[in-house]
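Report on one structure; see the data block that follows.
In the text below, chain A, chain B and the rest are named by the order of the sequence lines, each starting its count at 1.
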Amino acid sequence: MPWFLLVPRPNHKQQTKAPLMPQVRVRFAPSPTGFFHIGSARTALFNWLYARHTGGVFILRVEDTDQARNSEEFLNLIYNSLRWLGLNWDEGPQAGGDFGPYLQSERASVYAEFLGRLKASGRTYEKDGALFFRISGEPQVIEDAIRGRVERTEEKDFVIVRSDGKPVFHFVNVVDDISMRVSHVIRGEDHLSNTSKHTELFKALGAPIPVYAHIPLILKQNGPGKMSKRDQGALVEEYQKRGFLPEALVNFLCLLGWSPKDDREKLPLEEVVRLFDLPGVNQSNARFDEKKLAHMNMVYLHEMAPERCLVLARDFLLGRSYFAGGMPAEAYLRDVIALCQPKVRAIEDLPGFIGYFFGEDFATDPKAREKVFAKGDPKARLGELLAALALADFSSDAALETLVKALAEEHGAATGDYIHPARLAVSGTAVGPSFYGLLRVLGRDRVIRRIGRFLATA
RNA sequence: GCCCUCAUCGUCUAGCGGCUAGGACGGGGCCCUCUCAAGGCCCAAACAGGGGUUCAAUUCCCCUUGAGGGCGCCA
C-alpha cells in the first residue's frame with residue numbers, strides 16, 4: 001500500500017456530495033511576513049469559492065517557517081482579514097481538523113519524516129552544509145485547470161534543507177499538500193515556474209500530483225509590476241479601517257479575473273459560489289482599479305438596510321473618536337445616518353458630511369454664503385421662515401415641504417429663496433441631504449436657534 | 001541572459017470562424033433637481049503588428065512586439 005494512504009482520512013465532513021468523487025480539498029497558505037494584501041485576499045477568495053462550489057474543504061495553512069520575518073501581529077492580521085471578508089476556513093488554526101497542526105512552525109516532525117523518505121530514495125545529497133534535491137531533468141508537464149498544458153524542465157538541483165537545518169518553502173509546501181491531502185492547488189501565477197520543482201518532489205515522494213490552477217496576478221494601478229504590500233490601496237486592513245463594506249470588496253475581487261459571463265457585476269456571493277469554476281478564470285493579469293471598487297462599495301452602501309448602516313457608521317465614527325464631546329442619543333443618530341446614507345458614497349465620507357448635526361460650532365462656508373447673499377433678500381426670507389417654523393409640524397418631510405411651498409406662494413418667492421439661505425443658516429454649507437429631512441432631523445429647537453443666530457450675526 | 005505565462009475601449013471584462021465587437025468603472029454632454037451626490041438618457045473610446053489556415057478571422061497556427069512572472073540556503 002502506498003504510504004500516503006496511511007495518512008489519516010477525515011472522519012467527518014467527508015461524504016457530503018458525490019460519494020464517488022474524491023472530495024475537493026483546497027488550501028490558502030499565506031506567510032505572516034507582511035501585511036495582508038489584495039492579491040492574497042483574491043487567492044484566498046478563489047480557493048474559498050472553489051471549495052464552496054464543490055462542497056469541498058477550505059484549509060488555512062500558515063507558512064511561518066521564515067522565523068526572522070514572522071510576527072504574531074501579522075498572523076492575527078491574516079485571521080482578522082479573512083474573517084472580515086467572510087472567508088471562513090474549515091480546517092486550520094483556530095478551526096481544528098484532522099491534518100494539523102496547521103502552522104508550519106509546528107510541523108517539524110512531519111518534515112523530518114518526509115525528509116527521511118526522500119533521503120531513502122537516494123535523491124538527496126549534501127553540499128556546503130545544505131541538503132540538495134537531485135532533479136530528474138525530465139520535462140514536467142501539468143494540465144493546469146486554468147491555462148491548460150504547461151511544460152517546463154527544471155534545470156538544476158535545488159536546496160530543500162538549509163545549512164541551518166530549516167527546510168525551505170518548496171519542500172514544506174509539497175509535504176504539506178501531500179499530508180493534508182490537498183486535491184487542488186489554486187495559487188498565483190508567480191508560482192507557475194516553480195511548479196516543475198514541486199512536481200519533481202511529488203514524484204520523488206511517490207505522491208499523486210494535485211490539480212494545479214494558476215490564477216492571474218493583480219497588477220498595481222500605476223506603474224509596472226504586480227501589486228505588492230507597499231502599493232497604494234494594496235492592504236485589506238486599510239479598507240477595513242476606512243469603512244469599506246466587505247461584501248463590496250469581495251464582489252469586486254470576484255470580478256478581478258472571473259466573470260459570470262453575462263453583464264451582471266453586482267452579484268450575491270451565493271450566486272458566485274454557484275457559478276464559479278476554474279476553467280472560467282481568466283488567464284491574463286488584471287490591473288487594480290480603486291475607482292471601480294469605490295463604485296461597487298457605493299452601490300452596496302446605498303442598498304444596505306439602514307439598521308446595518310447605522311451599526312457600521314457608529315462603529316466607524318467611534319473608531320475615529322468622532323463623539324469625543326459626548327455620545328448622541330441613539331434615535332437621533334439613527335435619523336442622521338438614515339438621512340445621509342443615500343447621500344454619501346462611502347462610510348468614510350460621513351464625518352465630513354454630518355458635523356453640524358452634532359454641535360453648534362460648525363463653520364460657515366464663505367463661498368456658500370457669498371452665493372446666498374448674491375441676490376434677493378435672504379434675511380427677509382429667513383425672517384418669514386422663522387416665523388412660520390414656530391408653529392410648523394416637524395414630524396414629516398412632507399409637512400415641512402408643504403409649509404415652505406405655501407410660504408413661497410404667499411410672498412411671491414421661489415422655494416429656493418427659502419431653502420438656500422436656510423440650509424446655510426442651519427448647516428453652514430450648501431452641501432447636504434434633502435432640505436426637509438435636514439430640518440426634520442435637526443428639530444424645531446435647533447433650527448429656530450440656528451436661523452436666529454444666523455440672522456443676528458450675518 | 002535563460003525559462004514560463006499572457007495580449008479586445010484608459011481600466012475590469014463579454015466574445016469561443018460570419019457581431020453595427022456588448023456591459024461596467026472612469027471621462028464628456030443632456031435631463032431630473034432645494035445643494036451635493038445618486039439616478040435616467042446620449043457621446044467618445046478597443047480587437048498590438050506581420051504572416052499563414054479558411055469562402056470567411058477578434059476568434060485557429062507561427063513570428064515579432066509588448067506586458068507579467070520565475071530563475072535564493074525568501075515565501
(Q) Using the P atom as the point on both nucleotides, what is the distance between B:rC61 and B:rG69, in whole Å? (A) 25 Å
Is any side-chain nitrogen or oxygen of A:Asn282 closer than 4.0 Å to OP1 or OP2 of B:rU13? yes
Q.
Quick check: any donor-acceptor pair below 3.5 Å linking the side-chain of A:Ser193 to the base of B:rC71?
A. no
Taking only N and O in the side chain of A:Lys197, is any of them less than 4.0 Å away from OP1 or OP2 of B:rA75? no
*Sugar-phosphate only, base, or nothing, as touched by A:Ala286 at under 4.0 Å among non-hydrogen atoms*: sugar-phosphate
Please work out if A:Gly188 contacts a base, only the sugar-phosphate, or nothing of the nucleic acid, heavy-atom cut-off 4.0 Å. nothing
Exercise. Answer yes or no: is there a donor N or O on one side and an acceptor on the other, between the side chain of A:Asn47 and the main chain of A:Ile186, under 3.5 Å?
Key: yes
Using a heavy-atom cut-off of 4.0 Å across all strands, would you classify A:Val150 as base, sugar-phosphate, or nothing?
sugar-phosphate
- Considering only atom P, compute the distance from B:rG1 to B:rC43 and round it to an integer number of Å. 47 Å
Between A:Tyr79 and A:Gln94, do the side chains contain a donor N or O and an acceptor N or O under 3.5 Å apart?
no
When A:Thr153 and A:His170 are each assigned the nearest nucleotide of RNA chain B, the 5'-most assignment goes to A:Thr153
Worksheet entry | Same-atom distance (P) from B:rC73 to B:rG15, integer angstrom | 42 Å
- [ ] Scan A:Arg345 against the nucleic acid and name what it touches under 4.0 Å (heavy atoms): base, sugar-phosphate only, or nothing.
- [x] sugar-phosphate
Report task. In whole angstrom, give me the gap between the C1' atoms of B:rC62 and B:rU53. Result -> 11 Å
Assign each of A:Pro433 and A:Pro216 the nucleotide of RNA chain B bearing its closest heavy atom; nearer the 5' end lies the nucleotide of A:Pro216
Check your understanding: At under 4.0 Å between heavy atoms, what does A:His214 touch on the DNA or RNA strands: base, sugar-phosphate, or nothing?
Key -> nothing
- How about A:Glu154 and A:Ser196: does a side-chain donor come under 3.5 Å of a side-chain acceptor? yes
Check: Can you tell me how far P in B:rG27 sits from the matching atom in B:rU8, rounded to whole Å?
Finding: 23 Å
- Message: With hydrogens left out and only the distance checked, is there a donor-acceptor pair under 3.5 Å joining A:Lys292's side chain and the base of B:rA24?
- Response: yes
Practice problem: With heavy atoms under 4.0 Å as the rule, sort A:Gly129 into base, sugar-phosphate or nothing. | Solution: nothing
Inset, instruction - Check whether the side chain of A:Arg287 and the base of B:rC12 form a donor-acceptor pair under 3.5 Å. - result: no
Answer yes or no: is there an ion pair linking A:Arg314 with A:Glu307, defined by an N-O contact shorter than 4.0 Å? no
Q. So what does A:Gln221 hit on the nucleic acid, given a heavy-atom distance under 4.0 Å: a base, only sugar-phosphate, or nothing?
A. nothing
Are the side chain of A:Asn251 and the backbone of A:Glu265 linked by a donor-acceptor contact shorter than 3.5 Å?
yes
cation_pi(A:Lys197, A:Phe158) dist<6.0 Å, angle<=45
yes
Please measure how far the C1' atom in B:rG28 lies from the corresponding atom in B:rA45, and state the result in whole Å. 11 Å
Classify the side chain of A:Glu265 and the base of B:rG23 as holding, or not holding, a donor-acceptor pair under 3.5 Å.
-> yes
